[in-house]
Novice: 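Take a look at the following structure, please.
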Amino acid sequence: MIPLRVLLIEDSRDDAALVVRELSRAGYAVTSERVDTPEALSLALKRHRWDIAIADYTMPAFNGAAALSLVREYDPDLAFIFVSGTIGEDAAVAAMQTGAQDYISKSNLTRLVPAVESQLRKAAGRLARAQADAELLKVAYRDALTDLPNRVLLHDRLRQAILAAQRARKSLALIVVDLDGLKAVSGSLGPEAADVVIRTLTTRLRALLREVDTVARLGADQFALMLPETGSAGAVRAARKVSQDLADPYTIEGQSFPVTGRLGIAVFPEHASHADELLQKAERAVPGAGSDGADYAVFVPAGDRDTKGRLGLVTELREGFERNQFSSDYQPIVHLETGRVLSVEALARWNHPSHGRLQPADFIELVEQTWLIEPLTIRLIDRALAEWAPRDGLPWVSVAVNLSLRSLRDPDLPDRIADVLRRHEAAPSALVLEITEHILRQDTPRALSCLSRLHGMGVTLAVDNFGRGESLAGHLRHLSINRLKIDRTLVNGATAGDDANLRSTIDLAHSLNMIVVAEGVESTATLDRLRELTCDAAQGYVIAKPAPAAETRRWVTHRNATRQA
């Protein structure tokens, strides 16, 4: 006798008994349960696994189509056959289209057993294919020796974890572990012994970490550890634990083998904003391990790895600061309706004695890693207010200066800015401070407190490069932001029929009473489209290129005089 578990969705006990009798005569040992309400069907599907479901199409309290839909919610692949006395041809076709495998008339049950046998064979085929697919997925995403996620699966988990970290405004750490010593094990005792070490190491790594952490195997001698809600300090603590555990030798066949490791650490969002970049930077940090006696190293920019070269650059920066080599070019921001200048943006420049006039991309990252960022920011604000003070008939023009996260973490920044404003007898509204989406994503209490104090002083606050990363639209509602500057990547699509995101961003900003500025505008067609979308202001090469203060002042004076006339 062949065991068969049958779920009967049938209001008639007699008709259900006829179905069981036909199947029993054919050699099946039938275990069945009859249900005739949605509640009873749900309970039966939760309690047991069934081989096939056989349903009447029309019941007083239950419809066959509804029963089929409910079954599919629990088991999309369960074989399902209608056995009914009332189903017509049209209804039968409709039932098949909704997912039933067959339909049989109660007046002719001779087709029941062949239909059940056919559907059981097909179900077995589906199961075999599903198992084969699962094996293929395992090969594609899992390391065969350890069953750990491989590089492909780690990348997918990293991507999902970064999205979660962005939403929760948390950090995420990745540690890459390069092992030394496995070749000695393999050379002495063979590859099987090295496999034993790898499996033992996998168990030890899992025991060291939390359940939410991920251990992955990237290659023969390389592992990765993904640590959600972990910053640099937490990652260093984890790296120390792993390094200490690796120091314990492995004993195989009476021989002791040391297996050491070098660990590279990278952290989201401090070092990278997406999965590929985070993994690359963790791997790039590995060679720095051991340079200061520790078996681990936290990622630093490429220029910082060469200590001598870095010290040389820091020395040049300090000398440049002391010799007043830093200045600003200015780019106008124009109101689109009136054509008048709304403000100008200060763009830092380093007048290097041997390399010429350097732009921020050439030096600002290093400046942000030194103590120079705070005094340099204040000096640039001071110089900007001096260069845009009223004279020669030109009244105050507000000037925008970029702020780094490190500057915002300075609790004395609002007081320093207040002192500069008083020195120039400038109203707080003469100064616009721009922060990037990246800073908003950090969401540190100290930085948010600083922004709140600056806003309370009357300084205009702007979000720069909005739209470059994952949307922080919901976050904006809780911040005191006056101005939203849309990144050129959104702006450039304005004339290519791809302005849905741009339009929704402008509408969002206006709903929050923000002035909207489009960055990087390069054509008059784009300007026209921005006006149609009710964007407030714009800046870009089509309006004016960045230039020194004197040249930009002349441009602004002429522009405003022309528009006034």
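Counting from 1, the numbers follow the sequence of the chain as shown.
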Novice: We want to know whether S171 and E229 form a side-chain donor-acceptor pair, criterion being a heavy-atom distance below 3.5 angstrom.
Specialist: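 There is no such pair (donor and acceptor under 3.5 Å, judged by atom type) between the side chains of S171 and E229.
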Novice: Name all residues meeting the ring-ring contact (aromatic ring centres under 6.0 Å, His included) criterion together with H48; count only those two or more places apart in sequence or in a different chain, and write none if there are none.
Specialist: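 With sequence neighbours excluded, H48 shows a ring-ring contact (aromatic ring centres under 6.0 Å, His included) to W50, given in chain and number order.
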Novice: Which salt bridge (charged side-chain N to carboxylate O under 4.0 Å, His left out) pairs, counting each pair once, include a residue from residues 513-523, with sequence neighbours left out?
Specialist: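 Found K485-E519, R488-E522.
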Novice: Are side-chain heavy atoms of L174 and L279 found at a separation under 4.5 Å?
Specialist: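 Sidechains of L279 and L174: in contact.
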Novice: In a check of side chain to side chain contact (heavy atoms under 4.5 Å, CB included) between I198 and each of T146, L148, D143, which one passes?
Specialist: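 Exactly one option meets the side chain to side chain contact (heavy atoms under 4.5 Å, CB included) with I198, and it is T146.
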Novice: By ring-ring contact (aromatic ring centres under 6.0 Å, His included), which residues pair with F223, not counting sequence neighbours?
Specialist: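 With sequence neighbours excluded, F223 shows a ring-ring contact (aromatic ring centres under 6.0 Å, His included) to no residue whatsoever.
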Novice: Return the CD1 to CG distance between I2 and L23, rounded to the nearest 0.5 Å.
Specialist: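 Taking CD1 in I2 and CG in L23, the distance rounds to 11.0 Å.
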Novice: Which salt bridge (charged side-chain N to carboxylate O under 4.0 Å, His left out) pairs, counting each pair once, include a residue from residues 27-44, with sequence neighbours left out?
Specialist: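 Sorted result for residues 27-44: E33-R47, R34-D36.
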Novice: Looking at CD1 of I104 and CG of L112, how far apart are the two atoms once the value is rounded to the nearest 0.5 Å?
Specialist: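 Spacing of CD1 (I104) from CG (L112) equals 5.0 Å.
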Novice: Counting C-beta onward and ignoring hydrogens, is there a side-chain heavy-atom pair between D464 and D487 closer than 4.5 Å?
Specialist: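 Side-chain contact under 4.5 Å: no.
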Novice: After noting the C-alpha distance and the side-chain angles of I81 and V116, does the key distance pass the side-chain contact (heavy atoms from CB on, under 4.5 Å) rule?
Specialist: CA-CA 8 Å; I81 296 176; V116 168; 4.1 Å; yes
Novice: So, using salt bridge (charged side-chain N to carboxylate O under 4.0 Å, His left out) as the criterion, who are the partners of R483 when residues are at least two apart?
Specialist: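 Partners of R483 under the salt bridge (charged side-chain N to carboxylate O under 4.0 Å, His left out) test: none.
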Novice: I'd like to know if the side chain of S12 pairs up with that of D14 as donor and acceptor (distance under 3.5 Å, no hydrogens or angles considered).
Specialist: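 Per modelled atom types, S12 and D14 side chains form no pair under 3.5 Å.
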Novice: Please check: side-chain N/O of R217 versus main-chain N/O of L145, any donor-acceptor pairing under 3.5 Å?
Specialist: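 Checked: no pair found.
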Novice: Would you please test T534 and V516 for side-chain contact (heavy atoms from CB on, under 4.5 Å) and show each step?
Specialist: CA-CA 9 Å; T534 68; V516 185; over 6 Å; no
Novice: Within the 4.5 Å heavy-atom criterion, are V176 and Q222 side-chain neighbours or not?
Specialist: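 V176 reaches Q222 side chain to side chain.
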Novice: Taking NZ, NE, NH1 and NH2 as the nitrogens, is one of them in D245 or R204 under 4.0 Å from a carboxylate oxygen of the other?
Specialist: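 So D245 pairs with R204 through a salt bridge.
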Novice: Hey, are the side chains of E22 and T110 touching, using non-hydrogen atoms and a 4.5 Å cut-off?
Specialist: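 Counting from C-beta outward, E22 and T110 never come under 4.5 Å.
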Novice: When you check the gap from the basic side-chain N to the acidic O, do R111 and D102 get nearer than 4.0 Å?
Specialist: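 A salt bridge is present here (some side-chain N lies under 4.0 Å from a carboxylate O).
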Novice: Check whether the side chains of N501 and S504 place a donor and an acceptor atom closer than 3.5 Å, and report yes or no.
Specialist: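 Not at all, the side chains of N501 and S504 share no donor-acceptor pair under 3.5 Å.
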Novice: Which value, rounded to the nearest 0.5 Å, describes the distance between I162 atom CD1 and R157 atom CZ?
Specialist: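 Nearest 0.5 Å value for the CD1-CZ distance: 14.5 Å.
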Novice: Run the salt-bridge test on K106 and E10 with the 4.0 Å N-O cut-off and return the result as yes or no.
Specialist: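 Yes, charged N to carboxylate O under 4.0 Å.
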Novice: Side chains of T526 and S523 only: does a donor on one sit below 3.5 Å from an acceptor on the other?
Specialist: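 Side chains of T526 and S523: pair found under 3.5 Å.
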Novice: R262 and Y296: side-chain donor and acceptor closer than 3.5 Å?
Specialist: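 Y296 and R262 do not have a side-chain donor-acceptor pair below 3.5 Å.
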Novice: Is the shortest side-chain heavy-atom distance between R206 and T203 below 4.5 Å?
Specialist: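 SC-SC contact between R206 and T203 ruled out.
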Novice: Checking V6 against Y28 for the side-chain contact (heavy atoms from CB on, under 4.5 Å) test, could you report, in this order, the C-alpha distance in whole Å, the side-chain angles of both residues, the deciding distance, and whether it holds?
Specialist: CA-CA 11 Å; V6 181; Y28 289 103; over 6 Å; no
Novice: Not counting sequence neighbours, which residues clear ring-ring contact (aromatic ring centres under 6.0 Å, His included) with H271? List them please.
Specialist: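 If we apply the ring-ring contact (aromatic ring centres under 6.0 Å, His included) test to H271, skipping adjacent residues, the hits are F299.
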Novice: Could you tell me if the side chain of F268 sits less than 4.5 Å from the side chain of E277, heavy atoms only?
Specialist: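 When only atoms from C-beta onward are counted, F268 and E277 do not touch, as no gap falls below 4.5 Å.
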Novice: Does the side chain of S105 reach to within under 4.5 Å of the side chain of S84, using non-hydrogen atoms?
Specialist: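 Result no, sub-4.5 Å side-chain heavy-atom pair not found.
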Novice: Between the main-chain N or O of A239 and the side-chain N or O of S243, is there a donor-acceptor pair closer than 3.5 Å?
Specialist: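 Judged by distance alone, no pair lies under 3.5 Å.
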Novice: Going by heavy atoms in the side chains, are D221 and D178 under 4.5 Å from each other?
Specialist: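 The answer is no, as the side chains (C-beta and beyond) never meet within the 4.5 Å cut-off.
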Novice: For the side chain to side chain contact (heavy atoms under 4.5 Å, CB included) test, which of T505, I506, N465 pairs with L490?
Specialist: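 Result for side chain to side chain contact (heavy atoms under 4.5 Å, CB included) with L490: T505.
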